[in-house]
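Please read the structure below before turning to the comments.
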Amino acid sequence: MRSFTYERATDAQAAVAAVSRPGAKFISGGTNLLDLMKLDIEQPGHLVDISRLPLRDIEELPDGGLRIGAQATNSDVAADPRVRTRYPVLSQALVSGASGQLRNKASTGGNLLQRTRCPYFYDTAAGCNKRNPGSGCSAIGGFNRIHAILGASDSCIATHPSDMAVAMTALQARIELLDADQSVRRVVITDFYRLPGETPHIETVLRPGEMITSVVLPPPPPGRQLYRKVRDRASYEFALVSVAAIVSAGQETIDEARVAFGGVAHQPWRSVEAEAALTGRPATMATYRAAAEAAMRDAVGQGHNDFKIELAKRTLCRTLAQLAWGAEEAR
Amino acid sequence: MTHLNAPAQGSPDLSMRIEYWRAYPALSSPDVRHYGQPVALVVATTFEQARAAANLVDVEYAGAPGCYDFAACQDQTYAPDALIYGAIPPDTSVGDFDAGFDSAPVRIDVRYSTPYELSQPMEPHACLVVPHGEDLIVHVSTQIVDAARSSIVRTLLIDPERIHIITPYVGGGFGSKLRIHAETILAALAARALRRPVKVALTRQQMFHLTGLRPTSSQRVRLGAQRDGRLVAIAHEVTMHTNPRSDFIEPTAATTRSLYAAPNRLTSHRLTPLDLPRGEDVRAPGEAPGMLVVESAMDELADALGMDPVELRIRNEPTVDPEQGLPFSDRQLVDCLREGARRFGWERRPATPASVREGQWLVGYGMAAGIRGHIQVPTTAQVRLAADGTAVVQTDMTDIGTGTYTVLTQVAADGLGLPPDQVRVELGRSEYPVSMGSGGSWGAANSSTAVHRACQALREKLVAAARNDVRSALHGLDPAGAKFSDGIVSIDGVSEALSEIVARNYPDGVAADGQTPAMRDDPNYADYSIHTYGAHFAEVGVDADTAEIRLRRMLGVFSVGRVLNAKTARSQLIGGMIWGAGAALEEDAVVDLRSGAFVTRDLAQYLVPVHADIPEVDAVVLDGYDGKANVLGAKGLGELGICGAGAAVANAVFNATGVRVRDFPITLEKVLPGLPPLDD
């Protein structure tokens, strides 16, 4: 492996100052970065450890929302009683991800920034515009079963692997950032991620040196919430397709709906098309089918992943139906 | 070190019947035969330095077209010209298959495919070689000590006396450590050149290109039956990938020859050369993919006949081995089927596919039969009694997580009438008596038989010594009635401590050797068809919307002769059943058809079952004793657990959904198109 230096940041301001040097990266739980360093995919010269910063708390906000510190572990967030009762979709998404051991180490901020599991990204001998800009995309025309069906480009068809971020997208979480110049800004999660375009190596709007300090959950939207993850085995596996849905239905019609997909795109995929197709419509399978068709209208398969289009439709329909039936637990 | 400066090495002698003993040269040529082949070895004083240095090596390759696509290269398929493992004919034919099949009122003619699979034991392949004068002390993770030594000797062209193998504990092998690989040769070459200890350990990613690979296969099965279910014709024709320079043939259709009665039969193995890593033995070589397919096809026949799958198998139970005509040593397949059906509640199986729904889940039951040949290989062991009455067992047999230490302790304690804490078992060194190690499920039965025989020889020596010793209480008594128990030797109520007999007659201790002969030297193996049997039952749920398949419960009932240790046997069988479930639903090493690289190159991409995939699994072993197999009546069972297990799961998927997937593994996208539309 390559040599690197390491320092432990004492506070957030010092952390962003420390990471401003070239080749520096933040490290928190290390559940993704260390693997990538061992494989020579990430090559930081300097690591700034932010895992011990006082950013682990989950705070009540006056408007009824929650602020989740970026260093709160996935396990802590999933188990928090306020998250479980007010944002069950987030708790469900978190516990469906990784393993207990990984969730104990993985941080909220790190989860948002985890890299794709595209096998060609992991293979330093393969072309990958995300790993090595300009080297091409080996997944196009290769083995692309887990790849994107929405928002992909000729440069990259990778997917974002997070479950947590899909639930946060449905919840329209805001990400709080601290810049190297000590300025603070908030970005709605749907604006935080970038589609691959011609620059798939740039995955978010984070500026160099900028650090995620917290994630703010707005007050829970009305209605029921559900996260449904479809995967090749019962645990410890990334989503082929996942759906985070929040539906508020009256006697006759759906008043409000939030729909986000995982496993289908370079970022957690909010489907405003599906939301529009649900709002004001009766809570019937016909409505759900129309929403699913709307959500996948622009979907394109790459060959091995063609099935994801139908799978995403069916998963959305079933998730919505389960919400309508009032099933708290999907399964 | 590269091919430019690597020492001259021996070439593999392809005429050697068992390949595990052959030479395996590394860095011996500039030619790259497959993706991932080692081209250079970098040695450094720390692991981190070595990794950093290896990253600095730039390699320029001259490209050439390669053949990586099994389906596209079928026109190059040929018939092998050698026996499988030097013993099994690739093709067999009995009666007139075509006429029999054509005359059958009910016919199944199906083609299945199975993927590339890998063993991937928890402990990666690794070797530490320590030079000691001209000698090399080789700490290597291997299943067969003698084969590792032979391969090093033949590759390094070194005197066998110079090589000392030490491998007391092995973290799993599953066939991938039957032979050594590049890690061992590279470590030995470097240690010899540097005169310093050198350790080479493969990364998990490297294991996908540098250790055992199960060939991908295309299998055509034809079954012709009467309307009452009796088979009149069976054909199992297999095509698999092989290496262009050195064939590897997995005996995929071989056990089909002994499974069901039918007058007209045909089996064959064909090879398609590809520029991929060469195939090797992966756990249950042949039976794992072969039984998966044949037992799936039998389920198709049961469905076509409208017959209970258990009954169909019972109806085709042979009275003698259907191809060899030999009597069975001990065949209890029907007992396994009946006992399994009873315990599993098979009568609750939905007779109509896709007819049971519980909430989100389509529920189905499936079953399959299992069969595997028992293999006897030459094995030697020595048992030595010290003057204090304690025993030491020595053999170069290995313990690869299977419990060899435990089982041989039990056998020696039984054989000498000693408490287990008076027995010490020493394994895994080339200085010890030679065995064929662990593999082919032969290890426990073969080494136990040799240890048992050594104990018998010791008993005879001791009783004879006591009888002829005027100082012994047993002097002059008839040795035929001698009993050994709790450290006491007794004849007709007269007894003496074992330790006293040893101390008085053999103050320096006494040893005896025991042997298990090769099958060709044991007439039972020519006179009888010696197999183990099983019956698998599985219940699955298939999500009606997403086609996710989740195993709900699984039961295997087995007949293996006598069980040497109930706990290790159960663990082995359950492990095999889980392996079968993974083969049915998850395992798939995917080749990038442009480069010949395995894309699924770690255990995040190459899926095997996790705990959450495996709910209630039970393995039941019928009481038994197969005296034709060996004096202990015990047969190998590790790989039997796999045989048919995956087919039971696959058949349950069909029963749940009505969808028959003939391309393993059964991943959800293969089932999804056959599911009903979303209901309202």
Side-chain angles (χ1 to χ4, degrees), chain A residues 1-3 35 38-40 43 98-99 117-120 122-127 138-139 141-146 161 228-238 240-241 243 284-286 288-289 292 304-308 310-322 327 330-331, chain B residues 35-36 47-52 54-56 59 61 203 205 359-361 541 543-551 582 585-586 588 590-595 597-615 665 667-673 675 677-680:
Chain A
M1 65 197 300
R2 291 168 195 265
S3 298
D35 281 352
K38 290 176 190 172
L39 295 167
D40 208 35
Q43 302 163 351
S99 66
R117 263 59 179 188
C118 172
Y120 299 98
Y122 272 76
D123 178 3
T124 52
S138 292
F143 179 60
N144 47 45
R145 182 171 179 268
I146 67 169
R228 173 71 167 96
K229 179 175 182 177
V230 181
R231 47 184 159 177
D232 280 319
R233 61 184 173 192
S235 175
Y236 200 35
E237 174 63 352
F238 295 98
L240 290 167
V241 164
V243 169
T284 64
M285 188 56 80
Y288 307 150
R289 282 205 191 94
H304 299 113
N305 68 349
D306 292 350
F307 72 94
K308 280 190 176 184
E310 175 67 12
L311 183 63
K313 290 179 189 174
R314 294 177 73 107
T315 306
L316 176 63
C317 289
R318 182 53 57 199
T319 305
L320 293 169
Q322 274 170 334
R331 306 156 71 79
Chain B
Y35 190 100
F47 171 73
E48 290 78 12
Q49 284 174 7
R51 290 289 298 269
N55 277 334
L56 297 176
V59 183
Y61 294 95
T203 65
Q205 287 83 357
Q360 274 299 98
W361 298 101
D543 189 292
D545 300 313
T546 64
E548 288 165 289
I549 301 164
R550 299 291 180 254
L551 190 60
L585 302 179
E586 293 172 3
D588 190 2
V590 176
V591 175
D592 189 311
L593 299 178
R594 301 164 301 182
S595 63
F598 284 107
V599 185
T600 49
R601 204 182 297 176
D602 57 35
L603 296 180
Q605 309 268 2
Y606 181 84
L607 299 192
V608 296
V610 294
H611 283 91
D613 291 321
I614 304 299
T667 46
L668 61 80
E669 68 267 37
K670 299 172 188 172
V671 177
L672 198 60
L675 291 185
L678 287 168
D679 49 18
D680 290 318

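Every value quoted in this text rests on a predicted model; they were computed, and no experiment measured them. Atom set for the values below is all heavy atoms of this structure, side chains included, hydrogens, waters and symmetry mates excluded. Chain letters run A, B, ... following the sequence lines, proteins first and then strands; every chain starts at 1.
Within the 4.5 angstrom heavy-atom criterion, only backbone atoms of B:L603 (N, CA, C, O) approach chain A. With a threshold of 4.5 angstrom between heavy atoms, B:S595 does not approach chain A through any atom at all. Contact of B:A54 with chain A is not made at all, since no heavy-atom distance falls under 4.5 Å. Heavy atoms of B:A604 lying under 4.5 Å from chain A belong exclusively to its backbone. Heavy atoms closer than 4.5 Å to chain A are found in the side chain of B:Q205, but not in its backbone. Neither the backbone nor the side chain of B:P665 comes within contact range of chain A, judged by heavy atoms closer than 4.5 Å. For B:E48, the parts lying under 4.5 angstrom from a heavy atom of chain A are both the backbone and the side chain. If you measure heavy-atom distances from B:V599 to chain A, the contacts under 4.5 Å come from both the backbone and the side chain.
A:D35 and A:Y122 share no side-chain donor-acceptor pair at under 3.5 Å.
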Hey, mind stepping through A:F307 and A:L240 against side-chain contact (heavy atoms from CB on, under 4.5 Å) and telling me if it holds? CA-CA 10 Å; A:F307 72 94; A:L240 290 167; 4.1 Å; yes
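Taking CG of A:L311 as the start and OG1 of B:T546 as the end, the distance is 6.5 Å to the nearest 0.5 Å.
The closest donor-acceptor contact from the side chain of A:R231 to the backbone of B:E548 lies at 3.5 Å or more, if one exists at all.
Across A:E237, A:K308, A:R233, the residue that shares the most heavy-atom pairs under 4.5 angstrom with chain B is A:R233. Highest contact tally toward chain A, considering only B:V591, B:N55, B:I549, is held by B:N55 [criterion: heavy-atom pairs under 4.5 Å].
Taking a cutoff of 4.0 Å between a charged side-chain nitrogen and a carboxylate oxygen, B:E669 and A:R145 qualify as a salt bridge.
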